[in-house]
K.L.:
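Let me begin by handing over the structure; questions about it come next.
Side-chain atoms are counted along with the backbone in the values below, which use heavy atoms only and exclude waters and symmetry mates. Naming: A, B, ... by sequence-line order, numbering from 1 per chain.
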Protein chains: 2
Amino acid sequence: MTVTLADVAARAGVSAATVSRVLNGNYPVAGTTRERVMRAVNDLEYVVNGHARALAAATSDLVGVLVNDVADPFFGILASAAQTEIGRGSEHGGGKLAVVCNTGGSPEAELNYLTLLQRQRAAGVILTGGAVEGTEHTHAVADKLARLAADGTKVVLCGRPPLPPDEFSGEESALENDDAAAVTTLAFDNRGGARRLTEHLLTLGHRRIGYVTGPANRTTTRDRLDGHRSALADGGLAVTADRLTVHGDYSRASGYDATLELLRRDPDLTAVVAANDTIALGACAALRERGMRIPQDVSVAGFDDLPFSIDATPALTTVRLPLHEAGARAGRLVMGLESPPPGGVATVRAELMARASTAPPAFA
Amino acid sequence: MTVTLADVAARAGVSAATVSRVLNGNYPVAGTTRERVMRAVNDLEYVVNGHARALAAATSDLVGVLVNDVADPFFGILASAAQTEIGRGSEHGGGKLAVVCNTGGSPEAELNYLTLLQRQRAAGVILTGGAVEGTEHTHAVADKLARLAADGTKVVLCGRPPLPPDEFSGEESALENDDAAAVTTLAFDNRGGARRLTEHLLTLGHRRIGYVTGPANRTTTRDRLDGHRSALADGGLAVTADRLTVHGDYSRASGYDATLELLRRDPDLTAVVAANDTIALGACAALRERGMRIPQDVSVAGFDDLPFSIDATPALTTVRLPLHEAGARAGRLVMGLESPPPGGVATVRAELMARASTAPPAFA
DNA sequence: CTGTTAGCGCTTTCAC
DNA sequence: GTGAAAGCGCTAACAG
């Protein structure tokens, strides 16, 4: 039915070993023999069986890329950039196949996909986006990651904090420590970025600042909120922080709803800071519907600087995360094309992009 | 080093076959034996080797999803929806792994990825987005698809026209015909949607309508342009069509540039129709920079109805393609969870979404 | 219900 | 430079 190495060997009048050597080009083979083999390969339209090769050679051309949702540009950009690096050279048989897995941010789904990838003996795994903390699966994910790393799978975290050194260092943790070290991390400076953003608002003269964010148990949520809070605290506004913080799910709809809620809590709000750009869009829609002008009546700011932010009206003030660069770097790291940063952890800078959606409050 | 079936069998005191049967659960095994095996599996943290399994059972848990670029929401949404269906049931070992491949729309890259997937003996392949026509690789892609289908890989086209019946039906096309039939197609009604959109503008009273589109050799470009032209022709405006059509690359930047060019060609333009929403955003930016109001001075329309369209100011008139539904359906088709439409081809409806960015021209 | 026996298609020593 | 043979780890008849 399907053509095998043996078929090619037969047609070329050589042994299977020789065909293999020609195909892998890692061994001296006579020029004429090589030609004969290649002709047979073409005539028969032979394509190697990746599974057989993987089994025999104990290698794999799969790399997993775990994302919350590819449809979300934040992850789409990361995945796209990573994929480009991973597939690089696939014309020459060099690259690997990127398996993009949508986890919806659930540690349970992450665990499932990691197991699936482990089954395929994936060459590497990239986990993008913040982690969920405190679920029963959370530790399991960390353990699985350590396992994978120990088995030779390259693990790269992109946009999530490093693995905890060895929380449960118990019975069998002689290895665990080294394994955690084998995991490379590209952490985003969420805290610093958020801090600078809120400072920007404070500098403009805002004092009643609402904050709309995502689920409380995500590291991204926590870090950004931390940065926001610390800026407020330094401005002597620590008290308002809690009252004017609303949690949602990072969607436009939740940004819309939360903003309405914020307006109920404090009708004299002069600024709304969103934990991401998508929420900010929802906030703008809500504000506009209430007849409030941006930024004259209320300033709005986002986070991430996704492509659409520049096209919002007015253009959205936000914090830029170099997602493309980060994804590409994660791809290179997982492919071993770039050496890991010292300590295995690098922090990706977050840059304030002050645009038209923020301005001094009316009374100022 | 890594734990194998044999290790588990040894520890459980049974044969490898029994372990396999327990794991696959497709064969009767005594309760106590099963328990003993499961305990050994857990103790050893055993995870099957997917390659060995694939080789022995001649099955694969990979499904390829080819897209132009995951970072583009159009493809991100399709891929995300498809992936959800493909991975469905992976908790119970049912689902498969979706391999998302960025082809950048190049037939050459498509061919490479298809070969890579063929290597892995992928269970199925979904190709999304329009096809490029007339390259030397174009036929090769069609041939490869037929090959894959013949070898048992499910092939689904989503957003591109069906494969030509059998252009090169020559030497070995006895099979080719059936194979093409084995390919399921979910075509988008690009032509009809584009037609209705331009009719909408015509009905509003516009007569000087510019058109900004993508590369000429893409099926999507051609179909949408066809629809636009036929509407103009019916309105007696066939002549203006060519002069007021500018090709770009579907990006925001090209939409911006092309709109400026359009304005040079006809400063009295009253409407700009873009071949997708991203171009439309660029058009809006260019118009606004020229001091023209939307829609008072110039109406703007897009295509696809991507999430950001509703947040554009003013909200963008566009043509809605049910991308999520289409992607999910493609996923179900490739998994054999849904039976193919009669004839193997289904057309996905495109719906006009008339919003605030289009209005009657000023002179009307 | 369980064990034995063959491979699946390829890579890789080890000889020649 | 090339061939023969021994697996890689698993599943699938085929016996019992």
K.L.:
So what does B:Ala30 hit on the nucleic acid, given a heavy-atom distance under 4.0 Å: a base, only sugar-phosphate, or nothing?
P.N.:
sugar-phosphate
K.L.:
Can you name the nearest heavy-atom pair linking A:Val70 to B:Ala79, along with the distance?
P.N.:
CG2-C, 4.4 Å
K.L.:
Looking only at heavy atoms, which two atoms of A:Tyr46 and A:Thr4 are closest? And how far apart?
P.N.:
CE1-C, 3.5 Å
K.L.:
Does A:Arg21 or B:Pro28 map to a spot on DNA chain C nearer the 5' end, using the closest nucleotide for each?
P.N.:
B:Pro28
K.L.:
Would you mind checking if A:Lys154 and A:Glu338 are paired as a salt bridge, meaning a charged N to carboxylate O distance below 4.0 Å?
P.N.:
no
K.L.:
Below 3.5 Å is the cut-off: list the nitrogen or oxygen pairs between protein and nucleotides 6-10 of chain D, distance only.
P.N.:
from	atom 1	to	atom 2	distance (Å)
D:dC8	O2	A:Ala56	N	3.3
D:dG9	N2	B:Ala52	O	3.4
D:dC10	OP1	B:Tyr46	OH	2.1
D:dC10	OP1	B:Asn49	N	3.4
D:dC10	OP2	B:Leu5	N	2.3

K.L.:
Quick one about A:Thr135 and A:Thr138 (side-chain donor to acceptor, distance below 3.5 Å, no hydrogens or angles considered), yes or no?
P.N.:
yes
K.L.:
Between A:Gln120 and B:Asp61, do the side chains contain a donor N or O and an acceptor N or O under 3.5 Å apart?
P.N.:
yes
K.L.:
Could you list where the contact with chain A starts and ends along DNA chain C, reading 5' to 3', using a 4.0 Å heavy-atom cut-off?
P.N.:
C:dG9 to C:dT13
K.L.:
Whole-Å distance between D:dG1 P and A:Glu35 CD?
P.N.:
16 Å
K.L.:
Pick one: which of B:Leu117, B:Asn102, B:Ile126 meets side-chain contact (heavy atoms from CB on, under 4.5 Å) with B:Leu66?
P.N.:
B:Leu117
K.L.:
Within this structure, what is the OH-to-P distance between A:Tyr27 and D:dG1, rounded to whole angstrom?
P.N.:
10 Å
K.L.:
Do you know which two heavy atoms are closest between A:Ala98 and A:Gln83, and how far apart they sit?
P.N.:
CB-CG, 3.5 Å
K.L.:
Quick check: do A:Leu145 and A:Leu157 have side-chain heavy atoms less than 4.5 Å from each other?
P.N.:
yes
